Protein chains: 2
Amino acid sequence: MTVTDSAAQQRLIDALVTMSFTTMAVLNRISADHDLSLTQFRVLAILRDRRVKMSELADYLGLDKSTISGLVDRAEKRGLLRRAANPADGRAVDVFLSPAGSELAEYGAALVAQSLAPMLSGSSTADARRLTTLLERILASAPSLPDSDAQ
Amino acid sequence: MTVTDSAAQQRLIDALVTMSFTTMAVLNRISADHDLSLTQFRVLAILRDRRVKMSELADYLGLDKSTISGLVDRAEKRGLLRRAANPADGRAVDVFLSPAGSELAEYGAALVAQSLAPMLSGSSTADARRLTTLLERILASAPSLPDSDAQ
DNA sequence: TATTGTTATACTCTATAACTATA
DNA sequence: TATAGTTATAGAGTATAACAATA
């Protein structure tokens, strides 16, 4: 996109930002419905297919390690996840989902799909495919952000 | 999109969610760089071209009125916005940007455009136009959420 | 009576700084 | 020395409940 397209570019940016707020509002509502903050919900999503160290969780979320301690404390107290010593590094602590956490994570992922589907149901299959391709192309070239693989 | 396209639909949802997190991370970073929470940043964006009542601000953001009181308190103390009695309703309080708040809001909007532009610069003009159209079409049919017109 | 806004309260989220234990 | 994690602390964000003022 060239510099002369500034009006068109601004329009794209507006659409992207509005779409992002709309999507985040849906994720926020789903989280709140289950007494989770969006961050807690993201933790569940991240741990759905991974067992990670506290420090890795901090990296995924782009948050300070002390924040992660509190976050994991509360989720552990609720029985959603567990800590365990890392076998390879005596300083490190692994985090992973409990069965209850795993169940909630799966349910949450399904809810996200269900909640966003209506918004997309107006698009034709061809348009949906086109949109997917365009978004994926942008994401592939974007500098990977802390949270780019949550969900 | 038909029910048989569930894999394709899930892929679109994943792309949309990832893109949303990426966009929000950018907005969060810009906010933090100016000692604003994302919510404060949104307040500035909302008030950029509007003078609203406290209750309307609550509606825009989807937050409780008591939350708005605190939010406005802090921003007012920082000199970014001001309260005034609503001339038409003795119970209501109007909120609007101070000159400093207005300046920061304009600067912030420009920063958002600048920060998101690189991510989009890899797309051709035709692709950008196509993406804009697809997003706008979805947003037009989406039930308008509390925050859909921030920014 | 209903609505608008504020205040008190409580909890979560977040970062900084100081600390312990391990590498 | 550097890294991993926890704890103490402080401030912001958020909602609920109770309240005063106005419609």
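Every chain is numbered from 1, with letters handed out A, B, ... down the list of sequences. None of these values were measured; they are calculated from a predicted model.
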Point to revise | Within 45° cone and under 6.0 Å: B:R42 NZ/CZ vs B:Y60 ring | key: no
Exercise for review: Indicate yes or no: at least one non-hydrogen side-chain atom of B:T39 is less than 4.5 angstrom from one of B:L63.
Suggested key: yes
Point to revise | Base versus backbone protein contacts along nucleotides 16-23 of chain C [heavy-atom cut-off under 4.0 Å; B, S, -] | key: BB----BS
Review point. Under the criterion side chain to side chain contact (heavy atoms under 4.5 Å, CB included), which of B:D33, B:V26, B:L27 is the partner of B:S115?
Key: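 That would be B:V26.
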Check your understanding: How far does CZ of B:R82 sit from CG of B:L47, to the nearest 0.5 angstrom?
Key ->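 The CG atom of B:L47 is 13.0 Å from CZ of B:R82, to the nearest 0.5 Å.
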Exercise for review: Within residues 76-85 of chain B, find the residues that approach DNA chain C with a heavy atom at under 4.0 Å, and present them sorted by residue number.
Suggested key: B:R83
Review point. The helix from C:dT1-D:dA23 to C:dA23-D:dT1: angle between its terminal axes, five pairs each, to 10°?
Key: 0°
Check your understanding: Taking atom CZ of A:F96 as the centre, does the number of heavy atoms from other residues, nucleotides or ligands within less than 6.0 Å exceed 12?
Key -> yes
Taking the side chain of [X] as its heavy atoms from C-beta onward, which of [options] lies nearest to it?
| X | options | answer |
| --- | --- | --- |
| B:A92 | D:dG13, D:dA4, C:dG5 | C:dG5 |
| B:M54 | C:dG5, C:dC13, D:dT14 | C:dG5 |
| A:L63 | D:dT14, C:dG5, C:dT14 | C:dT14 |

Practice item. Using only side-chain N and O atoms of A:S37, determine if any of them is under 4.0 Å from OP1 or OP2 of C:dC13. Key: yes
**Study point:** Short side-chain N/O contact from A:R74 to OP1 or OP2 of C:dC11, under 4.0 Å
**Key:** no
Practice item. Could you tell me the separation between the CG atom of B:D73 and the P atom of D:dG11, rounded to a whole number of Å? Key: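 So the two atoms are 16 Å apart, to the nearest Å.
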Review point. Is the backbone of B:A7 close enough, under 3.5 Å, to the side chain of B:Q10 for a donor and an acceptor to pair up by distance?
Key: no
